[in-house]
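Down below is the structure, laid out as structure tokens.
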Amino acid sequence: MRGETMAVKYFEDFQIWQEARRLTNKIYDATRKQAFSRDFGLCDQIRRASVSVMSNIAEGYERGGNQEFLQFLSIAKGSCGEVRCQLYVTLDQGYLERNQCEAIIDQFKKLSIMISNFMRYIKGTPYKGTKYKPLPQKSVKEEIEELMKDTVSTV
């Protein structure tokens, strides 16, 4: 749906979160390999760093304002770098084939660029407040009148 604008209602709607989720699954698949899975420290650390990317995108979005969101996106971007660093250790230890490891590194580099571009976009928007504006509260009487109006118009 290129070219179409879609309002983001949930963090799951963000392309960067979707990509982070996809890459986290790649990390979990890679760490299930026999030799890799026995290196408990590295296996746990790379999984946690990968999960951190998608978690920080989600948490930042759910917090409220742009400044907090930017802070959490920055942490997510840092976690992308952490995963790439740990993938080099993985490569050096022979846990993954070179082409597989380099492909995942490149995908995390692209995700990092996507996060940077998104951060630049947010910084350039005039919208600086909270995402959610409280809905005006209706009195019980107003709610009943509105329901009655809907009922009458459908009869």
Side-chain angles (χ1 to χ4, degrees), residues 1-138 143 146:
M1 297 197 165
R2 259 189 142 77
E4 293 181 30
T5 57
M6 183 178 98
V8 172
K9 193 171 182 180
Y10 305 104
F11 67 81
E12 294 94 340
D13 297 332
F14 285 110
Q15 185 179 1
I16 56 172
W17 184 86
Q18 294 167 10
E19 182 65 6
R21 180 181 179 195
R22 187 183 73 76
L23 291 176
T24 295
N25 284 317
K26 276 194 174 233
I27 292 297
Y28 270 77
D29 287 343
T31 56
R32 284 188 189 102
K33 295 188 185 305
Q34 191 69 25
F36 200 157
S37 67
R38 283 187 255 148
D39 188 334
F40 302 114
L42 181 60
C43 183
D44 180 58
Q45 188 63 29
I46 196 169
R47 284 178 172 186
R48 290 186 318 129
S50 181
V51 169
S52 174
V53 178
M54 59 189 288
S55 296
N56 278 292
I57 293 167
E59 185 174 353
Y61 180 72
E62 293 293 331
R63 287 286 180 127
N66 282 356
Q67 293 309 311
E68 279 188 298
F69 194 17
L70 284 167
Q71 178 184 355
F72 279 87
L73 288 172
S74 178
I75 295 167
K77 187 175 177 333
S79 293
C80 280
E82 184 179 355
V83 171
R84 291 194 336 257
C85 179
Q86 292 158 0
L87 283 165
Y88 286 110
V89 174
T90 299
L91 180 62
D92 294 345
Q93 297 305 308
Y95 295 154
L96 296 176
E97 297 292 324
R98 177 174 292 280
N99 59 351
Q100 179 188 16
C101 194
E102 289 176 349
I104 298 171
I105 288 170
D106 285 344
Q107 292 167 7
F108 270 95
K109 283 180 181 177
K110 288 175 185 171
L111 178 56
S112 185
I113 291 168
M114 289 170 67
I115 294 170
S116 289
N117 290 341
F118 187 54
M119 290 171 69
R120 190 172 331 118
Y121 167 77
I122 290 173
K123 287 176 187 175
T125 62
Y127 180 65
K128 302 292 182 211
T130 60
K131 293 189 313 275
Y132 308 110
K133 293 185 178 170
L135 296 173
Q137 296 295 318
K138 295 179 185 176
E143 297 239 4
E146 190 173 303

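Computed from heavy atoms alone, side chains included, the values below leave out hydrogens, waters and symmetry copies. One is the number of the first residue; the rest follow in order along the sequence. All values derive from a computational prediction rather than experimental measurement.
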Any side-chain heavy-atom pair of [X] and [Y] under 4.5 Å:
X	Y	value
Arg32	Ser37	no
Tyr95	Leu42	yes
Ile16	Leu73	yes
Arg22	Gln107	yes

Measuring from atom [atom1] of [X] to atom [atom2] of [Y], what distance do you get when rounded to the nearest 0.5 angstrom?
X	Y	atom1	atom2	answer
Ser52	Glu59	OG	CD	9.5 Å
Ser79	Ile46	OG	CD1	12.0 Å
Leu87	Lys26	CG	NZ	11.0 Å
Cys80	Met114	SG	CE	10.0 Å
Ser116	Leu111	OG	CG	9.5 Å
Cys43	Tyr28	SG	OH	8.0 Å

Taking all atoms of both residues into account, what is the closest heavy-atom pair of [X] and [Y], and its distance?
X	Y	result
Glu12	Trp17	CA-CE3, 3.7 Å
Gln100	Ala30	NE2-CB, 4.4 Å
Lys123	Leu70	CG-CD1, 3.8 Å

Original post:
For the residue pair Phe69 and Phe118, does the interplanar ring angle fall in the parallel (under 30°), tilted (30 to 60°) or perpendicular (over 60°) class?
Top reply: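 Ring orientation, 0 to 90° scale: perpendicular.
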
**OP:** Let me see the working for Cys101 and Tyr88 under side chain to side chain contact (heavy atoms under 4.5 Å, CB included), right down to the final yes or no.
**Re:** CA-CA 8 Å; Cys101 194; Tyr88 286 110; over 6 Å; no

Side chain [X], main chain [Y], donor-acceptor under 3.5 Å:
X	Y	result
Asp106	Ala103	no
Thr90	Gln86	yes
Asp44	Phe40	no

Donor-acceptor side-chain pairing of [X] and [Y] below 3.5 angstrom:
X	Y	result
Glu19	Gln15	no
Gln45	Arg48	yes
Arg120	Asn117	yes

Subject >> Flag if over 12 foreign heavy atoms under 6.0 Å of CZ, Arg21 >> reply: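 Atom CZ in Arg21 is not crowded, with 12 or fewer foreign heavy atoms closer than 6.0 Å.
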
Subject >> With Ile27, the side chain to side chain contact (heavy atoms under 4.5 Å, CB included) member among Leu23, Thr31, Thr24, Asn25 >> reply: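 In the set Leu23, Thr31, Thr24, Asn25, the residue that makes a side chain to side chain contact (heavy atoms under 4.5 Å, CB included) with Ile27 is Thr31.
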
